[in-house]
Participant: 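My questions all concern the structure below.
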Amino acid sequence: MPELPEVETVRAGLARHALHRRIAEVEVSHHRAVRRHATGPAALRERLVGTAFASANRRGKYLWLPLGDEPHDALVAHLGMSGQLLVRAADAAPDKHVHVRIAFDDGTELRFADQRTFGGLFVDELVPTEAADLVPTRVAHIARDPMDPLFDDGLFVGRLRRKASAVKRALLDQTLVSGVGNIYADEALWRARIHGARPGLSLTSAKALDLLTAVRAVLSDALRAGGTSFDSLYVNVNGESGYFDRSLAVYGREGRPCPRCGAVVRRAPFMNRSSFYCPRCQRAPRAVVKPAKMG
DNA sequence: CATAGATCCTGTATGC
DNA sequence: TGCATACAGGATCTAT
């Protein structure tokens with residue numbers, strides 16, 4: 001699934017292959033893909049035709065392409081679970097599940113394909129952050145991602161350590177730290193030897209910093225692996241880059257040995273999905289008994 | 001305010 | 001072979 005490393009790979013591909021070309025036509029073939037564009041598909045097309053993407057930006061799992069020479073708004077993309085952005089020759093073979101086509105005037109086009117339709121495109125106003133960089137209004141509520149030079153480590157540690165909820169839930173909370181999804185959350189927790197069910201409250205500052213370091217390490221390892229596969233006029237996007245099978249220590253590896261200690265990796269249901277962990281390296285927290293309600 | 005859970009969606013894998 | 005069910009999960013909404 002596209003998490004920060006995959007989205008960054010796409011961003012780099014867009015920067016190489018989709019900027020400064022006049023948009024000649026836009027075709028929306030699946031309404032759901034543009035559902036977050038409040039004024040509808042026709043208005044989206046109207047805004048895009050005749051302009052060009054000025055740059056390719058990212059925060060967490062959000063991508064955006066500012067429009068025109070002095071941008072005040074941008075085309076925002078979120079890939080959801082299965083979204084892809086593909087740059088193709090306009091007459092290239094069709095791709096599956098293409099819901100939006102943005103045709104440039106040089107014979108290429110940007111295709112948004114999305115099997116499960118959790119992702120989408122919309123145009124949004126750019127607003128300045130506290131550090132004066134510009135982000136789309138509807139991206140402003142999420143935290144900077146841990147690869148951002150302006151990410152505030154101390155703020156993250158402080159907020160994490162005030163959370164009663166599970167550390168893993170906190171890692172997936174994009175307002176605390178952005179860009180981490182289910183796969184890299186499990187990998188980072190394994191690297192830091194922390195059980196995801198532990199309450200944020202239970203971490204020392206040092207341990208919380210260890211976790212942040214592990215998050216950065218796993219993201220940058222994945223980025224290196226994902227970044228190499230990208231070369232041609234094809235913006236790869238899916239989580240299916242070589243990184244997955246080669247380097248994952250626990251995710252998707254139920255029943256196989258922990259690469260560090262050899263104990264059998266377990267899977268446990270968590271937040272309507274799965275968590276994978278090593279029961280020896282990552283000690284489960286003691287069960288907390290809820291105090292009975294008096295009255 | 002913080003927190004937990006439900007919900008959206010469809011292709012693939014599995015069980016009977 | 002067909003049919004039903006589980007599963008994958010990011011963001012957002014609702015309820016407490």
Side-chain angles (χ1 to χ4, degrees), chain A residues 1-8 10 29-38 58-64 76-85 95-100 112-122 124 135-143 145-146 155-156 158-189 196-202 215 219 222 237-241 244-245 248 250-255 266-276 285 288 290-291 293 295:
Chain A
M1 315 305 129
E3 300 181 31
L4 187 152
E6 293 76 27
V7 179
E8 172 57 23
V10 175
S29 48
H30 196 317
H31 186 90
R32 194 173 147 77
V34 298
R35 67 194 180 283
R36 295 184 68 195
H37 189 84
R58 182 188 57 73
R59 176 184 278 196
K61 303 167 199 169
Y62 279 95
L63 283 167
W64 67 93
V76 184
H78 198 293
L79 303 175
M81 278 190 58
S82 54
Q84 291 179 291
L85 285 167
D95 293 288
K96 282 188 174 173
H97 311 296
V98 173
H99 305 323
V100 182
F112 177 73
D114 190 5
Q115 178 202 111
R116 285 176 233 184
T117 72
F118 279 21
L121 306 179
F122 59 97
D124 198 12
V135 295
T137 306
R138 296 169 77 183
V139 177
H141 70 288
I142 73 168
D145 64 61
L155 181 64
F156 169 80
R159 288 186 62 197
L160 176 59
R161 294 187 64 230
R162 259 177 269 123
K163 282 196 176 291
S165 50
V167 177
K168 178 161 176 186
R169 192 185 239 287
L171 276 182
L172 298 177
D173 177 355
Q174 305 295 300
T175 67
L176 185 65
V177 54
S178 64
V180 180
N182 199 43
I183 296 169
Y184 297 122
D186 278 2
E187 292 296 306
L189 287 164
R198 279 180 62 175
L201 291 168
S202 74
V215 168
L219 292 179
V237 199
N238 242 332
E240 260 80 75
S241 62
F244 274 58
D245 283 344
L248 294 182
V250 286
Y251 184 85
R253 297 176 57 85
E254 181 184 20
R266 290 195 188 150
R267 179 171 84 100
F270 183 81
M271 287 171 67
N272 277 342
R273 53 206 63 170
S274 293
S275 285
F276 298 89
V288 177
K290 272 190 187 167
K293 225 177 208 171

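Lettering of chains follows the sequences in order, A, B, ..., and the numbering in each one begins at 1.
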Participant: Tell me whether A:K168 is salt-bridged to A:D186, with the criterion being a basic N under 4.0 Å from an acidic carboxylate O.
Facilitator: yes

Participant: Does C:dA11 have OP1 or OP2 sitting under 4.0 Å from an N or O in the side chain of A:Q174?
Facilitator: yes

Participant: Any side-chain N or O of A:R36 less than 4.0 Å from the OP1 or OP2 oxygen of C:dT12?
Facilitator: yes

Participant: Separation of A:R162 atom CZ from B:dA2 atom P, in whole Å?
Facilitator: 9 Å

Participant: Between P on C:dG10 and CD on A:E3, what's the gap in Å once rounded to a whole number?
Facilitator: 6 Å

Participant: Using modelled atom types only, decide if a donor and an acceptor are shared between the side chain of A:R138 and the backbone of A:V76 within a distance under 3.5 Å.
Facilitator: no

Participant: Measure from CG on A:L172 to P on C:dA11 and round the result to the nearest Å.
Facilitator: 9 Å

Participant: Whole-Å distance between C:dG10 P and A:R35 CZ?
Facilitator: 15 Å

Participant: Could you go through A:K96 and A:Q115, starting from their C-alpha distance and side-chain angles, then the distance that decides it, and tell me whether this counts as side chain to side chain contact (heavy atoms under 4.5 Å, CB included)?
Facilitator: CA-CA 8 Å; A:K96 282 188 174 173; A:Q115 178 202 111; over 6 Å; no

Participant: Which residues pass the side-chain hydrogen bond (donor to acceptor under 3.5 Å, both in side chains) test with A:S29, sequence neighbours left out?
Facilitator: none

Participant: When the distance from CG of A:D95 to P of B:dG11 is rounded to whole Å, what number comes out?
Facilitator: 15 Å

Participant: Are the side chain of A:D114 and the backbone of A:G120 linked by a donor-acceptor contact shorter than 3.5 Å?
Facilitator: no

Participant: May I ask you to decide if A:V7's main-chain N or O and A:R58's side chain share a donor-acceptor pair within less than 3.5 Å?
Facilitator: no

Participant: Is A:Y62 touching bases, backbone alone, or none of the nucleic acid, heavy atoms closer than 4.0 Å?
Facilitator: sugar-phosphate

Participant: Can you confirm whether the side chains of A:S165 and A:R169 place a donor and an acceptor under 3.5 Å from each other?
Facilitator: no

Participant: Measure from the side-chain N and O atoms of A:R253 to the backbone N and O of A:V250, and report whether any donor-acceptor pair falls under 3.5 Å.
Facilitator: no

Participant: When the distance from CZ of A:R138 to P of C:dA11 is rounded to whole Å, what number comes out?
Facilitator: 13 Å

Participant: Please check this pair: side chain of A:E3 against backbone of A:I183, looking for a donor-acceptor N/O pair closer than 3.5 Å.
Facilitator: yes

Participant: Under 4.0 Å between any heavy atoms, over every strand shown, what does A:R267 touch: base, sugar-phosphate, or nothing? Just pick one.
Facilitator: sugar-phosphate

Participant: In which ranges does DNA chain B form stems of 3 or more consecutive Watson-Crick or G-U pairs, distances under 3.5 Å?
Facilitator: B:2-16 with C:2-16

Participant: May I ask you to evaluate whether A:S274 reaches the phosphate of C:dA8, defined as a side-chain N or O under 4.0 Å from OP1 or OP2?
Facilitator: yes

Participant: Measure the distance from CG on A:L201 to P on B:dT3 and round it to the nearest whole Å.
Facilitator: 8 Å

Participant: For A:D145 and C:dA11, what is the distance between atoms CG and P respectively, to the nearest whole Å?
Facilitator: 12 Å

Participant: Report yes if at least one side-chain N or O of A:K163 is closer than 4.0 Å to OP1 or OP2 of B:dT3; otherwise report no.
Facilitator: yes

Participant: Mark up nucleotides 4-10 of chain B, 5' to 3', with B wherever a protein heavy atom is under 4.0 angstrom from a base atom, S wherever such an atom reaches only the sugar-phosphate, and - elsewhere.
Facilitator: BB-BBBB

